[in-house]
Every structure is written in structure tokens, then in C-alpha cells.
Amino acid sequence: MAYKLTVNGRPATVEAPADMPLLWALRDVLHLHGTKYGCGIGMCGACTVHLNGEPARSCQVTIADAANASVVTIEGLSPDGTHPLQMAWQEVDVPQCGYCQAGQIMSAAALLKKTPRPTDAQIDEALDGNLCRCGTYLSIRRAIHKAAEAAAAGQKG
Amino acid sequence: MAMDRRAFLRATTLVGGGMLLGLYGSAPSLTDASAAPEPDPAAAPQQGGGQRPQQQGPPPLSPHAFIRIAPDGTVTIMARSPEVGQGVKTMLPMLIAEELDIDWKAVRIEQADLDSKYGVQFAGGSFATPSSWEPLRRVGATARHLLIAAAAQTWGVPEAECTTEPGRVLHRASNRSLGYGELAAKAAELPLPDPAQVRFKDPKDYTIIGHAKPGVDVRDIVTGKAVYGIDMELPGMLHAVYHKCPVFGGKIVSANLDEIKALPGVRHVFTLEGAEVTGNVLPGDPGLEAGIAIVADTWWAAHSARQKLKVTWDEGRWAQQSSEEFARRARELSGQAPARTLISMGDPDAALKSAAKVVEASYSYPFIAHAPLEPQNCTAHFHDGRMEIWTTSQTPGSGRGMVARALNIPEENITLHLLRAGGGFGRRLTNDYMVEAAAIAKTVGVPVKLLWTREDDMAHDYYRPGGFQYLSAGLDASGNLVAWRNHFISYGEGERFASSAAMQPGEFPARYVPNFALHASVMPLGLRTGALRAPGSNAYAFVIQSFLDELAHAAGKDPVAFRRELLAATPVAAPGGGGGRGGLNPARMRAVLDLVVEKSGWDARRKALPKGTGLGVAFHYSHQGYFAQVAEVSVNAEKAVRVHKVWVAGDVGSHIINPVAAESMVHGSVIDGLSELMAQEITLEKGRVVQTNYHEHRMVSLAQAPPVIEVHFLKSDNPPTGLGEPALPPILPAVGNALFAATGQRVRDLPLAKHGYTWA
């Protein structure tokens with residue numbers, strides 16, 4: 001079955017069985033490998049993407065359910081990799097193994113869209129489902145604050 | 001050594017003209033350092049530095065293997081070791097770049113394939129720093145020496161009059177300079193210098209070592225471009241899953257393979273036979289396990305087909321083992337005379353009899369899974385008698401050997417490409433998934449990527465061994481520790497411990513207590529075990545430093561004061577000279593203990609704590625690193641725990657090579673240890689692992705992590721050592737001791753969740 005959707009602003013067609021999770025459609029059919037498989041049960045957050053603007057665990061969304069939706073992955077978060085979070089992540093040097101970080105950034109991006117200057121508690125709540133096996137949480141929190149500050153300064157400037 | 005090195009050097013013409021220094025270092029004899037054996041993954045992390053392969057023996061590594069300088073001055077440095085998140089892809093090239101004298105911003109880093117010219121390519125045992133500090137700085141310094149020689153010849157001046165600034169050789173007397181790119185071709189033709197003539201920088205002139213450098217892949221990671229093992233793709237590649245018996249050693253009796261073959265997208269379905277394993281404890285790497293391979297057009301097709309598999313297993317001789325039975329048997333053994341004595345000094349039995357006070361306690365800790373976030377995977381392509389493999393292995397050399405033996409392919413016909421790994425923690429020290437992928441690839445003859453599910457990973461790990469320790473200690477009338485006896489109950493057979501299930505006789509406080517004995521008894525085990533980050537230490541530090549806290553309490557002494565007294569004792573000589581972690585230097589440990597006490601304001605803070613909040617301290621020596629930690633912890637009536645702050649003091653030698661990464665590594669170690677302390681436990685029922693995924697083997701989340709982890713490095717006059725592991729062990733007892741301080745309750749049986757604790 002062929003499913004049409006928009007991925008990172010471009011139309012895409014996925015030929016796949018209806019029950020194929022969006023995660024595997026992105027990775028193995030569309031060859032977008034930035035979105036990661038960690039647990040397959042929506043527990044770890046490594047596969048987080050934006051589905052119609054909301055953060056979603058792509059391992060828990062079937063391609064049939066994603067039909068006609070707009071999907072944004074880490075590859076499409078910004079045209080040139082300069083989203084404030086992507087910049088802050090580099091500045092703070094957040095990643096260790098880095099495998100969870102696409103999911104962390106996508107969850108953080110969804111948070112900043114709604115809450116441009118989040119508190120620690122708001123960050124904790126929004127990212128609590130994104131596990132980092134390396135334990136880079138303190139750097140993640142710092143980078144989100146930095147990105148929020150940079151975005152605010154950019155808007156003022 | 002006296003060979004014509006020039007014969008091995010090639011200057012190579014680049015597309016677009018120009019020459020390179022040090023391409024294709026095909027000089028086998030120059031790179032005999034590579035003959036240094038890959039450290040035994042099981043043994044290396046448990047041994048002291050003195051037992052590691054020495055770097056003095058073999059001749060130096062050739063700079064031509066590691067450094068490419070293009071005519072435009074662009075420098076490419078090869079990163080030799082597997083990157084599993086410990087930062088070596090950045091840190092090791094920093095060592096080369098520093099001594100080469102080059103602007104770090106101008107350096108490009110490439111991941112090396114497995115090749116003997118790079119020397120040891122291994123990720124584990126906090127081994128990268130101690131094994132590379134001298135050899136890789138020497139690589140850089142040797143290349144700089146060649147570039148200076150090339151410039152001196154060009155100008156007809158003595159080498160001694162030449163110096164460098166980043167990327168250029170200078171002759172100040174005549175105000176001349178040449179860029180490295182202009183000198184590379186000539187330098188490539190020069191013989192390598194006598195190692196004794198190669199000069200190293202004065203550390204005070206370092207501009208790269210000791211200066212924070214972001215991870216070289218960080219931009220690719222945050223834009224989704226970094227290629228991990230799981231991201232490997234080849235033209236015409238198929239996707240595989242491999243279905244094994246949930247009980248180790250199980251064999252296939254029958255399966256509906258024909259039915260599976262007919263499912264959509266499925267190309268191949270076949271069984272593979274497992275290696276025979278005998279004995280009552282498994283070898284470190286038992287080889288290929290029997291299973292059913294399903295190879296399909298997409299991973300989802302293979303995975304979906306797998307759900308329809310109906311297999312009858314002969315579950316074999318381990319199908320009855322259970323965690324409950326192990327605990328029962330350990331209790332039984334604890335009441336019997338120990339099977340063996342690993343070390344005995346003084347007369348512990350008599351000293352316990354005559355002690356003013358005797359304290360007894362039994363501790364235990366469970367099996368734990370590594371569960372790196374990237375599930376095990378490997379891509380392989382068998383063609384024309386050759387096997388090409390793309391892997392995230394921490395021990396690629398061992399993996400190649402294992403594939404060669406299992407599939408009868410000569411090692412020289414096996415090529416390994418190293419890909420970034422989504423975490424290691426010791427899981428990728430073993431290469432079971434590599435052999436599975438290679439065996440499947442050999443059967444199907446096209447490129448194939450094997451990917452395990454998270455559930456596969458949880459069920460087929462090489463688990464951190466659980467264990468039981470029955471301790472007795474004696475205090476004299478002044479509260480001094482005079483006797484220590486431990487009956488260590490572990491897994492093994494006869495004199496052999498299961499992989500990573502041994503305890504070193506020299507483990508602290510051996511040598512610091514005049515009457516000391518470590519006895520052991522073992523139980524058979526049909527479960528694969530292996531090294532989990534800070535192997536041994538991740539369990540033993542909890543036992544030793546918790547029990548020391550009990551003794552301090554029994555002696556009526558402050559936990560810090562009691563530890564200081566212990567470290568002030570002159571260590572007694574151990575029979576056979578000690579060994580293992582007997583190499584602990586008490587002065588270095590006292591120094592980090594003093595530092596963490598000072599930074600945490602131990603005395604004043606302890607007195608000012610509100611009810612329900614406690615401060616705990618612990619220290620541990622492992623992987624040549626000295627760490628002491630203090631944790632401030634509160635717990636409420638519902639046993640909900642909050643770690644408010646952790647202070648860490650560490651001594652890993654004279655330099656912190658990449659400071660931001662180092663601090664991050666310590667944060668991660670603390671958080672990793674907290675996951676182990678609170679919730680992680682693998683249990684067995686009917687021979688199979690009960691836990692299936694992260695919801696049953698929980699790691700600390702952002703909201704649960706301590707909001708502040710303060711890291712202080714004490715720079716001592718010792719060669720730099722590794723940081724992947726030694727900061728982890730002390731956090732478990734530090735928090736356990738803080739919980740005791742807060743509540744008067746002592747948990748001796750991990751994880752805390754078993755006793756009703758949760759994170760607040």
C-alpha cells in the first residue's frame with residue numbers, strides 16, 4: 001500500500017504494509033537515519049519526531065496513521081542545522097554516544113515552540129520520557145536554557 | 001629496527017596535484033606496536049596498570065599511519081579506537097595534533113578501520129588514555145620532527161635552528177617559514193628518526209591538551225547525519241533478524257520455516273547451529289548460538305515474520321535455573337566452610353574472637369544488563385571468499401578472530417570498518433552479534449544488516465554478574481578496624497569464576513587491615529556474564545564502602561574520620577606482592593577524600609541538615625583512577641528518594657585532556673551508578689531472563705537525576721589515566737550511606753526498588 005505524507009516539508013510516498021511504524025518507514029524506506037530505534041515500545045524517546053507539529057514517538061505511530069500527516073525529523077528541524085537547540089547542543093558539547101540526542105532535541109524543540117523560556121521543572125516534564133543511557137541530562141538542561149536565551153536575544157536583536 | 005624504512009613510505013600524488021605525508025603506512029615492521037595484544041576484555045578492566053601491555057617494548061607507531069597532510073596544509077588524523085561515547089574519536093587525535101603543532105580547527109578526523117598499523121584498537125577498561133598518552137603524542141612529535149627536517153634540508157640550515165608554530169616550520173634567524181603542506185612531500189621521503197631524538201612539547205606550552213574540544217561528530221549528531229552501526233546501508237542490502245532460544249544453549253527441535261518463507265518480503269529463512277559449550281560455567285565468549293535467521297527486504301518485514309515463528313526448543317540443561325534458587329543456594333553456602341581462600345593475612349579468625357566489637361552483615365547485588373541505547377547490530381557482506389564487516393564492536397580484533405574461527409575464513413580475508421556506537425558500557429566487548437551477522441551474510445551472499453530488538457538485547461546480554469558477600473569485621477576497644485573476613489559467593493566452577501565474576505585478592509581494604517581474609521565459594525551458571533562499566537568495582541565498592549560505614553557507626557566515629565584512619569595505616573605487604581587493585585596508593589586516595597570533604601563542607605553541612613536528609617561519603621580505586629564522592633540525599637516517609645547534590649573529587653593523573661568531555665563523563669558515571677543502585681535488576685525464572693525492555697530495567701531520567709554534580713579534578717604528578725569507569729563505583733555507596741544517615745535504615749541488598757524505594 002502506498003501512503004502519502006509530507007516529510008521535512010517535502011512530499012513523500014511510502015510503499016509499505018499498513019502496520020509498519022513510521023520509525024521504520026523513515027529509516028528503511030525514506031533512508032532518513034537520524035531518527036533512532038531504541039526500545040520499540042515508546043519508552044525511550046530516541047525515535048521522537050514532530051507529527052503535525054506535536055512531538056510523537058515514531059515507533060508507536062503506524063504509517064497508515066501517519067498518512068497525509070506532516071512529519072519533521074531531526075534532518076528537517078532547520079534548513080542548515082542552525083536551530084538554536086542545534087547550536088546550543090554543540091556549544092555545550094552535550095552528546096556522549098549521541099544516539100538519544102535527536103530525540104532529545106526534537107522533544108526540546110516542541111517544548112520551546114510552546115514555552116520559549118522554560119523553567120527547569122518544565123524541561124524535566126517535557127523531556128522525562130527521553131532517556132539518555134550516557135547520562136548527559138545536566139548538559140541537556142543547560143543547552144535548552146542556552147538555546148532559549150539565544151532565541152530570545154535573537155528576536156530582540 | 002635497522003631496516004630500510006624508506007622502502008615503506010610512499011608519497012602519493014593527489015587528484016589535483018600535490019603530495020601527502022604519510023599515506024598508506026604499509027610498513028608492517030614499523031608498526032610492530034600493533035603486535036601488542038588486544039587486552040583481554042574480561043581481564044583488562046580488573047587489573048591494575050602494571051599488568052597492562054607495556055608501551056616501552058614494541059617500536060613506536062608510524063606517523064604515516066595516522067597523519068595525512070595535503071598540499072594545502074589540511075591535516076587529517078586517523079582516530080584509531082572504537083567510539084562508543086567515551087570521546088576517544090576526539091581525544092586521541094588531540095594527543096597527535098598537540099605534538100604535531102597544528103591548529104585544531106584545521107584538523108579533520110577520520111575513523112580508522114581495523115588495521116594492525118594503528119596498534120591497539122580497543123574500547124574498554126578505561127584503557128584508551130593510559131595506552132595512548134605516550135604512543136600517540138609520539139606519533140605527532142615524530143611527524144613534527146620530519147617536517148622540521150624537511151624544512152632544514154630545504155633551507156640548508158641545522159634542524160636545531162628550526163622551530164614550529166601551528167602548521168608551519170620557522171627559521172627565525174633568516175625569517176623564513178614553510179607551511180606543513182609545502183613540506184609534506186619531502187618529509188614523506190625522509191627516514192623516521194631515532195625515537196630518542198624525538199622531542200616532546202613542554203606541557204606548559206600545550207594549546208590542545210587540557211583545552212575543551214567539542215566532540216568531532218557533534219554537528220553531525222545534532223543534524224541527524226552521524227552514521228551509527230544501525231545506520232549502515234549498502235546497495236542491495238537485505239535486513240535480518242535472528243531468533244534464539246530464551247534459555248542459553250537451547251537447540252531447535254522443529255520450526256515452521258516453510259510458512260515463514262512464504263510471508264511478504266521474506267527472502268531467506270534458515271537455521272544456524274550453535275557452538276557446543278560444556279562445563280558448568282560459560283566461557284567469556286561462548287561463540288555462535290543456535291537460532292533461526294529471517295532475511296527480508298526491510299527490517300520490519302523480517303521482524304513481522306518473526307512474530308509468526310513457531311519453534312519447539314530443546315531448552316537443554318539450564319532450563320531450571322532461577323534467581324530465587326541462586327539466593328537460596330548462596331544462603332546455604334554462607335553457612336558452610338568456604339570452598340577456597342583467595343587471600344589470608346594475619347589471623348582473622350583469632351582477631352575476630354578477641355575483638356572488642358564484631359559487626360556482621362550480608363550484602364548482595366543482582367545481575368544487570370548493559371542495555372546501550374543502540375541495540376546490537378552488524379552489517380556484513382561475504383563475496384569472493386572475503387568477509388567485509390561494519391561494526392560497533394569495542395573489541396574489533398577479537399571479533400575478527402571469532403568470525404574467522406566460527407566461519408573458517410582466514411583473518412586476512414576479513415575486513416572490519418568501525419562505526420560510531422550508540423553506547424558500549426562493556427556490551428560491545430563481546431562479538432556475538434558480529435558472528436551472527438557474518439554467518440548470515442555467508443549464507444545469503446549479499447550485504448545484510450542484522451538488527452536485534454531491544455527485547456533480544458535484554459534477553460541475550462553478557463550480564464554483570466550478581467553476587468553475595470558475607471562479611472565479619474572486628475574493632476578494638478579504640479574503634480580501630482583490626483579484622484576483616486569476607487565469604488564471597490559468586491558464580492563459577494572449581495577454581496574458575498564466570499566472566500567478570502571474580503574478586504581480586506588485593507581489593508581494598510586488603511593490606512589496610514592487619515588480619516584479613518577473602519574466601520570464595522561458587523555456583524554453576526548457565527548465563528553469559530561479562531564486564532559492565534567498572535566491572536567488579538560497580539558492585540564491590542557498594543559492599544566495601546557500605547560496610548565501612550557500618551563499622552564507622554559501630555566505632556562511634558565520623559565516616560570520614562574512620563576512612564582517614566584506615567588510609568593512614570601503613571599497608572602491610574601482601575603475600576606474593578599483592579596485585580590487582582592492591583596497587584592503590586593511599587596518599588592519592590587521602591588527597592581526593594580530603595578534597596571532596598572540603599568542597600562539600602562535610603562537617604558543617606552534616607550538622608545543618610534537616611530531618612530526613614543525609615550526607616554520605618565513599619571512595620573507590622579502579623582502573624588506576626582515584627575517586628571520592630559525597631552525596632546529599634533526602635527521603636520521605638514513602639521512601640521516595642531525591643539526590644540533591646553530588647560532589648566528586650578525582651585524581652586521574654597530571655592532565656585532563658579534554659575537560660568538558662571529562663566532566664560530562666563523570667556526570668554520566670554518577671547517573672549510571674544511580675540507575676544501578678535504584679532499579680536495575682535482571683532476574684531468571686525457568687532459565688530465562690524475566691525483564692524484556694526498559695520499563696523493567698529502568699534508567700534514571702532527567703527529572704530523577706541530581707540537579708547538581710560538582711566535579712573537581714586533583715591534578716597529580718602521575719601519567720594520565722582513563723575516565724570511562726572509575727567515577728562510577730563510589731556513587732552507589734555514597735548514596736546508600738546518605739540514606740542511612742537520613743533514616744537509620746541500611747539497605748544491603750540491591751537494588752533499592754526491591755525494598756520499596758523510588759525516586760521522588
Side-chain angles (χ1 to χ4, degrees), chain A residues 16-17 19-21 24-25 27-29 31-41 43-44 46 73-78 81 83 85-87 89-102 105 120-121 123-125 127-141, chain B residues 83-87 212 214-215 217-219 221-228 230-231 233 239 264-265 298-301 304 371-375 420-425 451 453-455 660-661 664-665 667-672 675 693-695 699-709:
Chain A
D19 68 345
M20 179 184 273
W24 296 107
R27 289 186 56 83
D28 286 352
V29 183
H31 308 285
L32 289 167
H33 295 145
T35 305
K36 299 299 193 223
Y37 166 61
C39 70
I41 60 167
M43 262 298 295
C44 76
T73 70
I74 188 71
E75 291 93 339
L77 181 62
S78 62
H83 186 283
L85 287 164
Q86 290 169 315
M87 301 306 286
W89 242 247
Q90 293 177 69
E91 208 180 314
V92 174
D93 196 22
V94 173
Q96 287 185 24
C97 87
Y99 194 78
C100 73
Q101 301 295 350
I105 291 171
D120 278 352
I123 292 172
D124 287 359
E125 198 190 337
L127 273 83
D128 205 44
N130 285 87
L131 299 176
C132 175
R133 176 70 182 81
C134 302
T136 62
Y137 297 126
L138 304 194
S139 302
I140 288 170
R141 193 184 280 134
Chain B
E83 175 62 65
V84 297
Q86 81 283 44
D217 286 340
V218 63
R219 185 170 168 76
I221 289 169
V222 302
T223 51
K225 293 193 186 93
V227 177
Y228 293 80
I230 196 173
D231 304 324
E233 268 193 2
H239 297 259
T298 64
W299 186 80
W300 186 251
S304 300
L373 204 58
E374 180 188 9
R420 192 176 180 90
F425 310 105
L451 171 63
T453 60
R454 172 59 49 203
E455 289 80 5
V660 171
S664 179
M665 192 56 50
H667 288 175
S669 301
V670 166
I671 290 167
D672 199 358
S675 298
N693 205 314
Y694 286 130
H695 64 295
M699 64 182 100
V700 164
S701 70
L702 176 58
Q704 295 163 347
V708 185
I709 302 172

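All figures in this text were calculated on a predicted structure; none of them were measured in a lab. Letters go in sequence order (proteins before strands), and every chain restarts at 1.
Interface residue B:Val660: only side-chain heavy atoms are found under 4.5 Å from chain A. For B:Arg219, the parts sitting under 4.5 Å from any heavy atom of chain A are the backbone and the side chain alike. With a threshold of 4.5 angstrom between heavy atoms, B:Glu233 approaches chain A through side-chain atoms but not through N, CA, C or O. Only the side chain of A:Gln101 comes within less than 4.5 Å of a heavy atom in chain B; its backbone stays farther off. Residue B:Glu455 touches chain A through its side chain alone, counting heavy-atom pairs closer than 4.5 Å. Both the backbone and the side chain of B:Leu702 come within contact range of chain A, judged by heavy atoms closer than 4.5 Å. Contact of B:Pro706 with chain A is made through the backbone alone, with heavy-atom distances under 4.5 Å. Looking at B:Thr453, both its backbone and its side chain come within 4.5 Å of chain A, counting heavy atoms on both sides. Both the backbone and the side chain of B:Ile709 come within contact range of chain A, with heavy atoms under 4.5 Å apart.
A side-chain donor-acceptor contact under 3.5 Å links A:Gln96 and B:Ser664.
Looking at A:Asp93, its side chain never comes within 3.5 Å of a backbone N or O of B:Ala661 through a donor-acceptor pair. Put simply, the side chain of A:Arg133 never gets that close to the backbone of B:Phe425: no donor and acceptor are under 3.5 Å apart. A:Tyr137 contributes a side-chain N or O that, together with a main-chain N or O of B:Val700, makes up a donor-acceptor pair within less than 3.5 Å.
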